Every structure is written in structure tokens, then in C-alpha cells.
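Per chain, numbering begins at 1; letters A, B, ... match sequence-line order. What you see is a predicted model; the values in this text were computed from it and never measured.
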Amino acid sequence: MAVSIKNNGQKIWQLRDRNNQILRWFFLFIAVAIIMYCWQKISSQTEWFFVWDAPRIAGDIGSRALPPRWSYIDQLWEPLWDTINIATLGTLLSLFFAVPVAFLAARNTTPHPVFCRWPALLIIVSSRSINSLIWALLLVAIIGPGIFAGTIAIALRSIGFCAKLLYEAIEEIDEKQVEAITATGASRWQVMAYAIVPQIMPSFAGITVFRWDINIRESTVLGLVGAGGIGLQMQSSLNVLAWPQVTLILLIVFIAVIISEMVSAKVRAAII
Amino acid sequence: MSAVLASERRKWRKPPFIRNPLARWGLIVFALVYLVLAIGTMEVNWARVYEGLERGKQFILAFSHPDFASRWSDISAGMIESIIMTITSTAAGIIISIPIGLGAARNIAPLPVYYLCRGIIAVSRALHEIIVAILLVAIFGFGPLAGFLTLSFATIGFLAKLLAEDIESTDRSQSEAVKATGASWLQWINYGIQPQVMPRLIGLSMYRLDINFRESAILGLVGAGGIGATLNTAFDRYEFDTAAAIIVIIIVVVMALEYLSGMIRARLQ
Amino acid sequence: MLHLNKLTKQYATGDKALTDVELQIPKGQVVALIGPSGAGKSTLIRCINRLVEPTSGAVVLNGTELTRLGAGALRKARRRMGMIFQEYALVERLTVMENVLSGRLGYVGFWRSFFRWYPQSDVDEAFRLLERVGLDHMADKRADELSGGQRQRVGIARALIQDPELLLVDEPTASLDPKTSRQIMRLICELCAERGLAAIINIHDVALAQMFVQRVVGLQLGEVVYDGPPDGLSPDILTQIYGEEDWEATIAKVEDDDDDLAEGAVA
């Protein structure tokens with residue numbers, strides 16, 4: 001806010017003073033310039049002829065994709081079951097690693113603020129930076145295609161996510177309860193089990209279910225790179241341009257994701 | 001005295017988490033049966049895994065000498081494309097998310113608009129980016145345009161949902177006070193709602209920028225531009241040194257973005 | 001029994017919380033520690049069981065020099081000192097019984113405590129204490145379902161089940177209403193008398209302190225400025241501890257209302 005007084009004594013009110021205003025316009029200008037430049041780059045790499053043709057192509061695909069081929073559903077139950085298993089087992093597997101990593105990364109529980117905390121943070125950021133599809137790509141190259149690779153890929157990606165949220169929860173606990181248990185003469189591990197674990201239990205359960213929900217979504221596409229689940233069917237349907245089958249798969253994926261989201265929301269509401 | 005004696009004999013067990021024994025044991029048995037069945041479907045070809053261990057070791061060792069040089073032109077072109085897609089799609093996503101987020105907030109939108117906007121959000125959230133990318137590549141052809149559209153669409157599902165939830169939890173009395181002054185609808189949004197949700201919206205946008213970059217790294221797998229294509233090629237040819245280099249760059253960029261968004265969020269508080 | 005010898009604490013920020021504190025407490029004596037906020041009361045009792053590490057000086061409990069103990073021996077020493085907290089510091093998501101039994105953690109091994117297999121004698125003692133503080137029927141309630149006064153009773157039971165020789169009590173009544181405050185103070189003092197425990201009680205409320213204890217120690221800016229009977233707290237001395245104020249109303253004798261404990265326990 002800035003109030004200035006004119007020569008004739010009149011008070012002028014402005015939200016910001018002049019320098020501030022100029023600075024804001026300047027940043028806005030820079031931001032717009034960057035975005036325009038980026039857009040221009042994209043535009044130069046685009047065949048605009050195809051783009052103008054897009055509505056026709058979309059209409060064409062749409063007309064070929066409908067109605068879904070309902071009979072194909074017989075071949076989808078097993079991949080769907082695999083998809084759910086990949087998500088569930090992957091989430092469980094990731095917890096085995098995420099919990100210790102979180103305790104090493106949290107400022108108030110780490111045994112050493114540099115030698116333990118930093119490696120833990122590095123594990124978290126590496127795991128989080130790399131998409132599960134890339135992990136799957138890598139694992140398919142290393143241990144071969146299949147559900148196993150998919151499960152490990154989901155687990156590797158989830159470690160960082162769960163550990164990050166969990167260590168933030170650990171850092172937010174009430175230190176007085178920890179102090180009280182320490183004062184009874186409890187050992188380090190007992191303090192952990194009695195004062196810290198009960199406090200983070202609700203967040204732990206919430207994080208797990210939340211990540212499971214995300215993993216259902218992620219595991220529907222792992223098949224595209226050969227890591228099992230319903231994505232395999234999608235890939236093979238796309239390869240032969242069987243659009244009615246693709247529609248059915250998308251429909252199933254959509255329903256599965258909505259149901260898992262509902263389950264996860266219910267469980268999280270029940271915990272709190 | 002007898003009361004004291006009675007208390008001496010009292011046993012104590014921790015009360016179980018689920019009090020109804022039938023529900024408790026039912027759940028335990030269900031979980032065990034599920035685990036056995038699920039692990040049963042996991043056909044692990046241990047011989048293949050054993051063979052793979054050697055390659056896994058090579059991959060991990062590759063991080064000690066990542067090879068930036070030999071495919072540098074591919075890497076840099078892919079990386080720049082990823083970053084360009086990230087910036088444009090985040091900007092476009094934010095601009096589209098705001099009206100949809102307003103429409104999806106129950107306390108300010110009429111019911112038909114509410115259902116329409118919630119529907120858009122549900123579709124955007126349920127479909128994985130890569131599925132959307134496949135469809136858009138089929139429609140718009142290969143290249144970063146499809147990637148840009150994919151990420152913009154995904155941003156809408158994320159930002160609009162959180163924005164709508166944020167608007168729904170705003171303080172009613174503040175917005176009512178603005179309404180009472182006789183403000184028009186837009187003025188009402190501008191004075192009554194916007195100040196309450198702005199800091200979080202900026203924070204979420206920064207977070208989405210980070211997510212969009214990470215997602216942009218996979219869109220190349222289906223031809224929608226970005227670093228993913230280069231990474232895929234590197235894996236296919238077992239060029240782990242190059243793959244390691246790309247992964248290192250991704251991690252560094254993500255860390256930089258996280259640092260930046262942390263700084264911006266701290267300044268907003 | 002407890003001897004503090006030139007106890008000094010300086011925080012890393014350079015603030016000196018305690019300066020050469022000299023204190024002798026014989027067995028079975030209850031001492032009230034009064035002083036304004038920031039006088040170092042909390043730091044003093046935390047230095048005794050080393051939740052805060054003293055900078056220099058010695059804490060001697062029954063001939064053991066606590067400041068020199070290693071981690072294992074310190075845990076053994078902590079078992080002999082029960083601590084009661086402001087705002088109770090119960091583990092809120094555990095049951096009342098688990099909170100009380102957590103006082104035995106220094107005596108049982110990790111796995112035993114993890115699976116809640118406490119020796120029957122501990123469980124008996126826990127029930128006896130819960131009965132004594134009037135919460136027998138609440139054993140399986142979760143701690144966050146209790147009222148403030150009830151929580152503090154659980155906190156007292158947790159400290160007593162350690163079988164301590166010394167109670168360290170940090171502002172036990174700070175978040176309680178006046179009536180409950182008195183009940184809690186009376187309970188603590190009665191229990192100390194029953195078991196012959198020494199206690200150091202940090203307390204804001206001078207009148208409450210005068211009502212229950214035999215000895216008052218006044219702390220100001222980390223130094224002991226008064227040590228004597230409660231009657232000796234004249235307006236001059238209170239001014240020295242707390243600063244200028246009209247003290248007549250504060251030290252006027254307060255009538256002790258006679259509501260019994262059981263009534264308060266049910267409430």
C-alpha cells in the first residue's frame with residue numbers, strides 16, 4: 001500500500017508504490033516472454049496440417065471406437081486382477097523400505113544429521129524423480145518382462161513418496177510425549193515404539209492407502225512397456241488398431257480407478 | 001479387602017484394534033488369503049532374474065561414470081523439449097484450471113456447472129497421462145504438441161480439484177461480507193474468494209510444475225516429445241551409461257525445481 | 001538424598017538459564033519451586049534427570065553422580081525419578097493402561113514392552129494405582145478421551161509405577177481449573193507422604209504452593225533467591241522474585257475446600 005500527497009494536498013491511494021508496480025509488470029513480462037518463446041518452439045515442431053485435420057481424425061477414431069466390444073471383457077478379468085496385485089504388493093513392498101528411510105530422514109529420529117540423513121534424502125529424491133514407467137522400462141530390460149518387474153517398479157517409485165510424507169509426519173510429532181517416555185528410563189527403541197509410532201500411525205495408514213490408490217492408476221499402464229497388467233491388453237489392441245477393445249479397456253480402467261479412489265477416501269476418513 | 005484381592009488377580013491385555021472378534025479374524029483371514037493368492041500369481045523366472053543381476057550391477061555401476069558426451073545432442077534436444085512442454089503446459093493448465101476449479105466448488109457454482117466440472121476433473125484424474133498421450137498422438141500426430149496437450153489436461157484434473165476443495169473450505173463470513181457490499185459476481189470472487197486461496201494456488205502450481213516435468217520424461221515413450229524417447233532408446237540398446245546420465249539430469253532438475261518451489265512457498269507465507 | 005552442586009546451564013544461544021544452583025533435598029520432603037516465567041524452573045528439573053544436559057555442576061542422587069553416567073546407567077537412574085508434566089504429556093493414542101504401564105519401560109526389555117507382556121506384578125500395581133487415583137474403570141479408554149484432571153491423574157500413576165524415590169513435577173496444574181488444581185496438588189502431596197517420596201514441584205500459583213508444601217524455593221533469573229518455609233514469603237521477598245505488585249491478596253490464607261477426591265475422580 002502506498003499513500004502519496006499531491007501538490008494540492010490531495011491524498012492519493014494506490015495498492016502498491018511505483019517501483020513495486022514496475023517490478024511486477026517486469027516479472028509478468030518476462031514470464032509471458034518465456035511462455036511465448038516455448039510455445040513458438042512447440043509450434044515450429046508441429047505439422048499444423050495434421051492439427052487442422054484433427055477434428056476429422058478424432059471423429060473417425062470415435063466412430064470406429066464405439067460401441068465398445070463388450071465380449072472382449074472375458075479376456076480382461078485376469079489382467080485386471082494382475083493390475084490390482086501389482087499395485088497392492090508393490091505398495092506393501094515399498095513400505096518395508098520406506099519406513100526405515102523415513103526414520104533416517106526425519107530430523108528428530110535420525111541417528112546422524114549428515115551421514116544418515118543425507119543418504120536417506122538422496123534415496124527419497126531419486127525414487128521420487130523417476131516415474132514408475134521408467135523404473136518399469138529399466139526393470140524389464142534387467143529382469144525381463146512380467147508382473148514381477150511391474151511390482152518392483154511400483155515399489156521403487158513408492159518408496160520416495162511414502163518416505164517423504166512419513167518423515168514429514170515424524171517431524172511434526174508432539175515432542176512432549178517423547179520427553180515423557182524418555183523420562184521413565186525407556187531405551188531408544190522403546191521411546192520409538194511407545195512415543196513416536198502411536199503418534200504417526202494415522203498418517204502412516206493414510207499415506208499407505210493414498211499411495212495404493214495412485215498405484216492402481218499407475219499399474220494400469222505398466223503393461224505398455226511389458227511389465228504386466230491390463231496395459232498389455234491395451235498395447236496389443238492398439239497395435240492392431242482394435243479401437244472398440246481400447247474403449248472397453250479405458251472404461252474398465254476408469255471404473256477401477258474411481259472405485260479405488262472411493263475406497264481410499266473411505267479408509268482415510270475412518271482413520272481420522 | 002476383598003476388592004483389593006480381586007484387583008490383584010486382574011489380567012490385562014491390550015484391547016484389540018477391531019473390537020468385534022468376527023470382523024477382526026475375518027479381516028485377518030481375508031488379508032492372508034489375498035496375499036497368498038496374489039503372490040501365487042507372481043510368476044518369477046528366477047533364472048532370468050539371475051541373468052539380469054549382472055545387467056543390474058552394470059546399470060548401478062554406470063552411475064559412477066555417466067556418459068553425457070556420446071549422445072549429447074539427443075539428450076540436450078530431448079531435455080529442452082521436456083522443459084518447454086513443462087512450462088507451457090503448466091501455464092495453460094493453470095489458466096484453464098481456474099474457471100473449472102471455480103465451477104467445481106459447491107459453494108459458488110450452480111449444480112449443473114458443478115457436475116460438468118467435476119466430470120471433467122474425474123476423467124482427467126482417472127486416465128493416466130500416457131493413455132491420454134497415446135490418444136492425442138493418434139489424433140494430432142507425433143511431436144511435442146501432443147505432449148503439451150496431455151500435460152495441460154492432466155494439470156486440470158490436479159489443480160482444479162485442489163482449488164475447488166480449497167474454495168469449499170474458505171471462510172464463509174469473509175465472502176459474505178464482500179457480497180453484502182453489493183459487489184458483482186466477479187468482484188465477489190476477486191475480493192471475497194481470491195485472497196483466501198491465492199497462496200495455496202501458487203504453491204500447488206509450483207508443485208504441479210515439478211510433477212509435469214517428471215511426467216514429461218515418459219511421454220516420449222509414445223511419441224509425444226521430450227526426453228523419454230532418448231531414454232527408451234538407451235535402455236533398448238543397453239547403453240546404461242547414457243541412461244544413467246539422463247536419469248542424473250532428471251534428478252538434478254527435479255531437485256532444483258523442488259528447491260525453487262520451496263523458496264517461493266516460504267516467501268508466500 | 002538429592003544434592004545439586006553449582007548446577008549451571010547455558011543454552012547454545014548463549015542464554016544462561018541456571019547459575020550455580022545449590023540445593024539439598026532430604027528424603028520425603030516436598031519442595032515447591034516458584035518464580036516468574038523464564039526463571040529456569042523447567043530447565044532446573046530437566047537438568048536433574050538430564051532431559052536437558054547441564055553445562056557444569058553436579059547432580060547427586062543417593063550418592064550417584066548423575067551428570068557423569070553413560071546412556072545405560074542414566075536410564076537406570078531415570079527409573080528412580082518419576083516425572084509429571086504440564087499438559088500431562090500422555091501418549092494420546094495409547095490407552096490409559098498402556099500409559100501407566102509405560103512407566104515400567106525402564107524395567108522391562110524391548111520385546112516384552114512391544115507386545116505388552118508386562119509381568120503380572122506390574123499389571124497388579126497399575127490397577128492398584130489407577131484405583132488409588134480414582135480411574136480404575138477407565139483402564140481401556142484412550143488417553144485423548146479423558147478430561148484434563150483425569151489425564152493428570154494418569155500422568156501421576158505413570159510416574160509412581162516407576163517406584164521412584166523422587167518426583168519431578170513440572171507445572172502440574174497450569175492447564176487445570178482451580179478446583180481440579182487443588183485436587184491434583186493434594187493428591188500429589190498425599191502420595192508423597194504415603195510413600196515417603198521427595199518431590200520438586202514447579203508451580204506458578206504461589207497461594208497453591210503455600211497451601212500444600214513445607215518448603216519453598218524461589219528462583220529468579222536462574223538463581224536461588226529464597227529458600228525457606230512457605231510462611232516466610234513476605235511481600236518484600238515476592239517482589240524480589242516476581243517484581244513490583246500488590247501481594248496482600250495473593251498471600252492471604254486461602255480456605256481449603258473439603259470436596260473429597262472420589263467425587264472429583266468421577267467428574
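Evaluation of the side chain to side chain contact (heavy atoms under 4.5 Å, CB included) rule for B/S76 yields B/W72 as partners, not counting sequence neighbours.
Residue with the most contacts toward chain A among B/Y238, B/F235, B/F142: B/F235 (heavy-atom pairs, distance under 4.5 Å). Heavy-atom pairs under 4.5 Å with chain B peak, among A/V253, A/D60, A/I130, at A/I130. When the candidates A/V225, A/I35, A/I84, A/L137 are compared by the number of heavy-atom contacts under 4.5 Å with chain B, A/L137 comes out ahead. Considering only heavy-atom pairs separated by less than 4.5 Å from chain A, the leading option among B/L53, B/I218, B/I80, B/N232 is B/I218. Taking B/L37, B/I87, B/V254, B/I139 one by one and counting their heavy-atom pairs under 4.5 Å with chain A, the maximum is reached by B/I139. Taking A/V246, A/N131, A/I86, A/I147 one by one and counting their heavy-atom pairs under 4.5 Å with chain B, the maximum is reached by A/N131. Most heavy-atom pairs under 4.5 Å with chain A: of the set B/F240, B/Y50, B/F148, this distinction falls to B/F148.
Atoms OG and CD1, from A/S127 and B/I251 in turn, are 9.5 Å apart once rounded to the nearest 0.5 Å. Between B/F63 atom CZ and A/S126 atom OG the span is 8.0 Å, to the nearest 0.5 Å.
Across every non-hydrogen atom of A/C38 and B/T88, the tightest pair is CB-CG2, 3.4 Å. Listed here is the closest heavy atom pair of A/I142 and B/R48: O-NH1, 3.2 Å. Contact between B/A126 and A/F254 at its shortest, heavy atoms only, is CB-CD1, 3.3 Å.
Heavy atoms of A/D53 lying under 4.5 Å from chain B are absent altogether. A/I255 does not touch chain B: none of its heavy atoms, backbone or side chain, sits under 4.5 Å away. Interface residue A/I34: only side-chain heavy atoms are found under 4.5 Å from chain B. Only the side chain of B/E258 comes within less than 4.5 Å of a heavy atom of chain A; its backbone N, CA, C and O stay farther away. Only the side chain of A/L92 comes within contact range of chain B, with heavy atoms under 4.5 Å apart. Only the side chain of A/I57 comes within contact range of chain B, with at least one heavy atom under 4.5 Å from a heavy atom of that chain. With a 4.5 angstrom heavy-atom cutoff, A/I134 touches chain B via backbone and side-chain atoms both. Proximity to chain B is absent for every atom of A/E78, based on heavy atoms less than 4.5 angstrom apart. Only the side chain of A/M234 comes within contact range of chain B, with at least one heavy atom under 4.5 Å from a heavy atom of that chain. Looking at A/T151, only its side chain comes within 4.5 Å of chain B, counting heavy atoms on both sides. For B/I247, the part lying near chain A is the side chain, with the backbone staying farther off; criterion is any non-hydrogen pair under 4.5 Å. Only the backbone of A/V140 comes within less than 4.5 Å of a heavy atom in chain B; its side chain stays farther off. The contact between B/V123 and chain A is made by backbone and side chain atoms together, counting heavy-atom distances below 4.5 Å. Residue contact with chain A, scored on non-hydrogen atoms closer than 4.5 Å, involves the backbone and the side chain of B/A138 alike.
Aromatic pair B/Y34/A/W81: centroids less than 6.0 angstrom apart. The aromatic ring centres of A/F148 and B/W46 sit less than 6.0 Å apart.
For B/K14, the NZ atom sits in a packed shell: over 12 heavy atoms of surrounding residues, nucleotides or ligands are nearer than 6.0 Å. In the displayed structure, B/M42 atom CE is contacted under 6.0 Å by more than 12 heavy atoms of other residues, nucleotides or ligands.
Under the side chain to side chain contact (heavy atoms under 4.5 Å, CB included) rule, B/L35 has a single partner from A/L89, A/N85, A/T88, which is A/L89.
You'll find the side chain of A/R128 reaches within 4.5 Å of the side chain of B/D210, heavy atoms only.
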For B/L221 and A/L224, what are the C-alpha separation, side-chain angles and deciding distance, and is it a side chain to side chain contact (heavy atoms under 4.5 Å, CB included)?
CA-CA 9 Å; B/L221 300 183; A/L224 294 175; over 6 Å; no
B/I84 vs A/Q45, test: side chain to side chain contact (heavy atoms under 4.5 Å, CB included). Steps then yes/no.
CA-CA 12 Å; B/I84 282 175; A/Q45 287 177 50; 6.0 Å; no
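By a heavy-atom distance cut of under 4.5 Å, B/L127, B/H128, B/E129, B/I130, B/I131, B/I134, B/L135 are the residues of residues 127-136 of chain B near chain A, going up by number.
B/E81 has no carboxylate O lying under 4.0 Å from a charged side-chain N of A/K41, or vice versa, which leaves the two without a salt bridge.
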